[in-house]
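Each remark here refers to the structure printed beneath this line.
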Amino acid sequence: MNWRAFTGPSKSIAHKLRKYLRSSRVSSIRSIITWSFSVFIVLVLTIMAVLLHDKFTQAAERSAELSTRQIVDQVSYNLEDYVRSMSHLYRAIEEHMLRDGTWEGDQVDKQLDTLLSSREDIISITLLDANGELLKNRPAAALKRSAHVTQQGWFQSALRVPNHLSFSLPHIQNMYAGPYQWVVSMSKGMTVKQNGQERQVILLVDINFKQMDEISSRVSLGQRGYVYIIDESAGNIVYHPQQQLMYMGLKKENIEQALVAAGSYEDEAEGQKRLNTVKSVANIGWKIVGVAYLDEIMTTRQEVNGYLIRVLVVVLVLVIVVSMLLSSSLTRPIRRMERKMKAVERGDFNVVLPTTGPLEVERLSRRFNLMVNKIRTLMDEIIHEQEQKRRLELEALQAQINPHFLYNTLNSVVRMVGMSRNDEVITMITSLSRLFRISLSQGKTIISVREELEHARHYLTIQQMRFKHKFTFTIHADEQVLDGLTLKLILQPLIENAIVHGIEYHMDEGSIEIDVQRDEQDVVFCITDNGVGMSEEQMAALLSGRAVVKSGAGSGVAVRNVHDRIRLYYGDGYGLNYASELEEGTSVWIRIPFQQAQKEDGANEGQQ
């Protein structure tokens, strides 16, 4: 026999299987632990099941009959316990409702409402007189005219046997309008004294039959066995799991024998032998009959085998669940570390990996946190250095004095002196000196709005004289903002931009308006000119620092400088906004937070 013909394909199949396992989730630690643990436990359980099979079969057959008896006893006990609790509840209602012979008043209503709200199985509480007239009920509702209360069995039983608590057969409550529910009525006739006179009343408490139904329906005697309840006095069916078939005559029970029997007896129905176990329910006059089929009690080996197989399946499921939970607890720290690593890959360096789990994972988590913390520290240092560099660049740009402006101003002064325009020379030199005095401001970067507007006024005065009164200007500000604080030299670059690029090339007389207003918690500066205006692209380029002015008078860097300085000091929510139309003019708004100026030097140093 050629074994090589078989070993060749088997090696190929094993190789492909290993390759598939490596590429799938089956090769994960969690899957390996789960399946290894499951296979081991199943093998152990299978060996134990084979060894215990015979003994289990014999024990199951011996205990089946005893189990049937215990189940019926348990149903009887549960039903008795429920009836006992309802009797106690009835006495509590009787105590609260008929205390001192009165059932009126808010206190009684409150107590009855509390009882109703605490027990969902109580449908209604009704107090009637001997003539069937309604005295009180909770929930409050009117009796139906078709109720015929005096003709109902619970009413006649209460009158017939006074001071005795009677339980009725299950019936549909039809006394009140609303949903029709199956109830058992507890009623008792009694005599109470009201205002010194004796009066016969009947207290009725309707309880939902659903609770008793559930007590009986939860019982299972084999696959087909069941429990039913009969009334000892008349043999009426109180409960049967196939009640509808009983009413239709499609199913019958040996009630006569059940009424006289005590303990267990066998009978035959529909060609099948049955074991009937009877138990009386005390204080209510009912009997519980448990029906079990003998072919199910005498369990065969095949059925035992089926049972063991089901047990193995259930145990297998439990083992898989437990092993999955166990493996999940072992692999959870690793998966958590994987998620944190992916977050770091996305640029989130604020992640912190909990140092929990097995010792190896805990050590690895500590090393990961140290690495991320080191990276975050280096990133913060780089960001801080870049911010410092940017701040120094902005302060250097702020400290620069435009040499062209100074040269042009002095040149204008020389020309006016040569033309003997001494008054204008004095005005220009005075404005220039005050302009530089405010520009220096003893090295401060924060000045008052009043000083900033004064600086703008002097600058406009100088430019107005240089451009031979080609434009006019007005400055208006609310009194409440003049003592506020602002960054220094934020208006001058914008005014220069309006004059050089807006009004200088305009044919008509120019106009510049400066308006300062308080807008809730902010201060808004508005500079408006009637110059040549700008396009949308030019405005976007101006704030981005990409503006290129064709006139050669500047590049728009100063405007971007103002915008960056404001955002650096006050945050991204503040800065410049432009609106412009070609041949119509331009408006620029500066928004900064309102800060009230403090007094004396200490406050100024703090602002600096």
Looking at Tyr574, is Arg591 sitting on its ring face, NZ or CZ under 6.0 Å from the six-membered ring centre and within 45 degrees of the normal?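 No cation-pi geometry.
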
Looking at Met379, I'd like to know if its CE atom is crowded, meaning that more than 12 non-hydrogen atoms belonging to other residues, nucleotides or ligands lie closer than 6.0 Å.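 No, CE of Met379 has 12 or fewer neighbouring heavy atoms, counting only those of other groups under 6.0 Å.
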
Above 12 or not: heavy atoms from other molecules or residues under 6.0 Å from CZ of Arg363? no

Just verifying a value: how many Å separate [X] [atom1] and [Y] [atom2], rounded to the nearest 0.5 Å?
X	Y	atom1	atom2	answer
Asn78	Ile215	CG	CD1	6.0 Å
His455	Ile495	NE2	CD1	9.0 Å
Phe473	Ile527	CZ	CD1	13.0 Å

Under a 3.5 Å cutoff, is there a donor and acceptor pairing between the side chains of Gln517 and Asp515? yes

Using only atom types and a distance under 3.5 Å, with no angle test, would you say the side chain of [X] pairs donor to acceptor with the backbone of [Y]?
X	Y	result
Arg565	Leu489	yes
His458	Arg434	no
Ser216	Asp213	no
Glu452	Leu491	yes
Arg518	Glu520	yes
Asn530	Ser511	yes
Gln463	Leu460	no
Asp478	Gln480	no
Ser448	Leu485	no

Thinking salt bridges, do [X] and [Y] make one under a 4.0 Å N-O criterion?
X	Y	value
Asp483	Arg450	yes
Arg376	Asp380	no
Arg567	Asp572	yes

Quick check: closest heavy atoms across Ser535 and Leu582, and the distance to 0.1 Å?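 Heavy atoms of Ser535 and Leu582 come nearest at N-CD2, 3.8 Å.
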
Quick one, Arg437 with Glu454, criterion salt bridge (Lys or Arg N to Asp or Glu O under 4.0 Å). Give me CA distance, side-chain angles, the key distance, then yes/no. CA-CA 11 Å; Arg437 178 179 60 80; Glu454 182 181 355; 3.6 Å; yes

